[in-house]
Amino acid sequence: MMKVLVTGGAGYIGSHTAVLLIEAGYDIIIFDNFCNASLESIKRVEKIVAQKITTIEGDVRNRDDLHTVFNKHKIDAVIHFAGLKAVGESVEQPLKYYDNNVNGTAVLCEVMAEHGCRSIVFSSSATVYGDPHSTPIDENFPLSATNPYGRSKLFVEEILRDLYISDNRWKVILLRYFNPVGAHASGTIGEDPNGIPNNLMPFIAQTAVGKRDYLSIFGDDYETHDGTGVRDYIHVMNLADGHVKALDKIENFKEVMTINLGTGKGYSVLDMVKAFEKASGKKVPYQIAPRRSGDIAKCFADPSYAKKVLGWEAKKNIEEMCVDSWRWQSNNPDGYN
Ligand code: NAD
Ligand code: UDP
């Protein structure tokens, strides 16, 4: 049985991926410093899979924390979710982002190599495409960044490519996520943002459940079918499954693999509001607000490479995304608290 270290495994995407990894027969260890998660998410995962999960509190920037894990366990591969992800905060505190995301990954890889573990699946993002010249976006589009968060993802991609060039025993898969939403069908785990959500879906869900008065829609004058921003929303369980497929194949790949994980479909903010109202039976009041700085009009994936190389495809539609997100939000109005 392959032993997998899941950094950031207590977080939103990590916890959902943990469920599918265990169901697929992987032996997992969760490593998280709980800066943006709680132990409760892991308890809920344990309930879903009906087994205990080895969980270690530690920081990927801390060599001692990592050595402790690698000394104790023979780890075959790492799925590296641990990182900070708030774009606005990254503009205010760039060094915090470069330290956590870039330095954290460098330290992790160094310790991995010392223990002879050279397989890593990394959480990259569609943000590395910057403002794309057209859609759908394939993996060969030019890369750029408009904020420190995005730049940290770009840097890590480059670092992992350099690592492979220096020693081609490394197995590296860079997964570029589009917009993960939704929750496990049990409604017991989901996205639990700190404070006021930055992202659309949790903001809509909190508005529907009555925690927020109204949604501000950031701009209705974009070049899109209704003027509001278009994104590729992907169900988090489909995204999680992409990681299982990546791990299944990682030993076979002979080069660094860079793969979009998206659905290939773009929905506007207003499309999402309507779909959520239908799924929840609740009104989502909104107001049109100015554009948010750094936002782009349209972003959706060409997901064909993932299908070709991983045999993976995102199958859940926006109704399922909204229904599952609503089940989580309405059963847990205050998240894990
Ligand atoms: P999340 O904040 O829910 O999960 C990240 C987890 O990492 C948290 O549990 C946090 O406590 C942990 N963590 C952070 N820094 C750490 C450190 N130094 N050491 C150990 N643990 C640490 O976020 P998520 O949405 O699950 O995202 C997971 C990954 O996917 C991140 O790298 C993120 O940048 C990337 N990503 C997310 C999205 C998205 O929209 N959610 C999109 C693209 C890429
Ligand atoms: N958005 C919005 N109001 C919000 C949050 C987001 O109108 O409160 C819009 C945003 O402008 C973008 C889309 O929703 O067009 C998705 O934003 P999100 O922050 O979720 O993801 P990203 O910008 O990273 O694609």
Side-chain angles (χ1 to χ4, degrees), residues 6-17 30-39 41-42 56-62 65-66 79-88 90 96-97 99-101 103-105 107-108 121-128 146-147 149-150 152-153 156 175-181 189-194 196-204 206-207 212 214-220 222 224 227-234 236 239-240 243 261-262 266-273 286-300:
V6 184
T7 75
Y12 172 46
I13 305 169
S15 57
H16 289 80
T17 304
I30 288 178
F31 183 90
D32 201 298
N33 69 357
F34 297 99
C35 70
N36 195 35
S38 69
L39 205 53
S41 67
I42 296 174
I56 292 150
E57 183 169 351
D59 195 300
V60 289
R61 294 165 296 177
N62 185 315
D65 288 355
L66 289 168
I79 304 187
H80 182 34
F81 293 108
L84 301 177
K85 62 166 181 177
V87 172
S90 82
K96 183 172 166 183
Y97 275 68
D99 181 40
N100 217 303
N101 295 2
N103 175 45
T105 306
V107 171
L108 171 67
V121 177
F122 174 64
S123 301
S124 189
S125 166
T127 192
V128 301
T146 52
N147 56 67
Y149 167 71
S152 77
K153 292 293 174 190
V156 171
L175 297 178
R176 293 180 178 155
Y177 312 157
F178 283 68
N179 292 52
V181 297
I189 58 172
E191 186 171 11
D192 180 20
N194 255 333
I196 301 169
N198 296 309
N199 295 111
L200 179 66
M201 216 29 183
F203 204 104
I204 290 181
Q206 290 192 8
T207 307
R212 311 272 159 215
Y214 63 90
L215 166 74
S216 293
I217 296 185
F218 300 141
D220 66 350
Y222 284 106
T224 62
T228 66
V230 165
R231 297 290 183 275
D232 186 336
Y233 297 94
I234 173 169
V236 67
L239 186 71
H243 294 74
L261 295 183
Y267 290 98
S268 72
V269 177
L270 284 170
D271 292 336
M272 295 309 284
V273 168
Y286 65 83
Q287 289 184 6
I288 304 301
R291 290 182 178 193
R292 183 171 66 180
S293 105
D295 272 1
I296 56 176
K298 258 197 244 181
C299 175
F300 58 93

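In what follows, residues are counted from 1 in the order of the sequence shown. Every number for a ligand or one of its atoms is a count from 1 in the order of the listing.
Of the polar atoms of I13, at least one N or O is found under 3.5 Å from an N or O of ligand 1, judged by distance alone. Below 3.5 Å of separation, one finds no N or O of F178 facing any N or O of ligand 1. Residue C35 places at least one N or O, backbone or side chain, under 3.5 Å from an N or O of ligand 1. Remark: ligand 1 and D59 share an N or O pair separated by less than 3.5 Å (distance only, no angle test). Between K85 and ligand 1, a contact under 3.5 Å exists for at least one N or O pair. The shortest N or O to N or O distance between P180 and ligand 1 is not under 3.5 Å.
The ring of H243 has its center closer than 6.0 angstrom to the ring center of Y177.
Here the side chain of D232 pairs no donor or acceptor atom with the backbone of G262 at under 3.5 angstrom. The closest donor-acceptor contact from the side chain of S124 to the backbone of R176 lies at 3.5 Å or more, if one exists at all. A donor-acceptor distance shorter than 3.5 angstrom exists from the side chain of Y12 to the backbone of V181, with no hydrogens or angles considered.
Residue contacts with ligand 1 leave out H80, since none of its heavy atoms falls under 4.0 Å from the ligand. Taking a 4.0 Å cut-off on heavy atoms, S124 registers as neighbouring ligand 1. For the pair V60 and ligand 1, a heavy-atom separation below 4.0 Å is found. The closest approach between a heavy atom of D32 and any atom of ligand 1 is below 4.0 Å.
At a threshold of 4.0 Å, the pair D295-R292 counts as salt-bridged, since one of the basic side-chain nitrogens sits closer than that to a carboxylate oxygen.
Using a 4.0 Å cut-off between heavy atoms, Y149 contacts ligand 1 through its side chain alone, with no backbone atom that close. Contacts between E191 and ligand 1, counted as non-hydrogen atom pairs separated by less than 4.0 Å, are absent for every part of the residue.
The line from OG1 of T7 to CG of L66 is 9.0 Å long, rounded to the nearest 0.5 Å.
Annotation: ligand 2 has protein neighbours N179, N198, N199, L200, L215, S216, I217, F218, G229, R231, Y233, V269, R292, D295, each with a heavy atom less than 4.0 angstrom from the ligand.
Heavy-atom proximity to G58, at under 4.0 Å, picks out these atoms of ligand 1: 19 (N), 20 (C). Each of the atoms 29 (C), 30 (O), 32 (O), 35 (C) of ligand 1 lies under 4.0 Å from some heavy atom of S123.
Shortest contact from atom 5 (C) of ligand 1 to any protein heavy atom: G83 O, 3.9 Å. In terms of protein heavy-atom proximity, atom 15 (N) of ligand 1 is closest to N100 OD1, 3.1 Å.
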Would S123 and H80 count as a side chain to side chain donor-acceptor pair (under 3.5 Å) if you check the C-alpha gap in whole Å, the side-chain angles of each, and the deciding distance to 0.1 Å? CA-CA 6 Å; S123 301; H80 182 34; over 6 Å; no
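A cation-pi arrangement is absent between R231 and F178, since the terminal nitrogen or guanidinium carbon is not both under 6.0 Å from the aromatic centre and inside a 45° cone about the axis.
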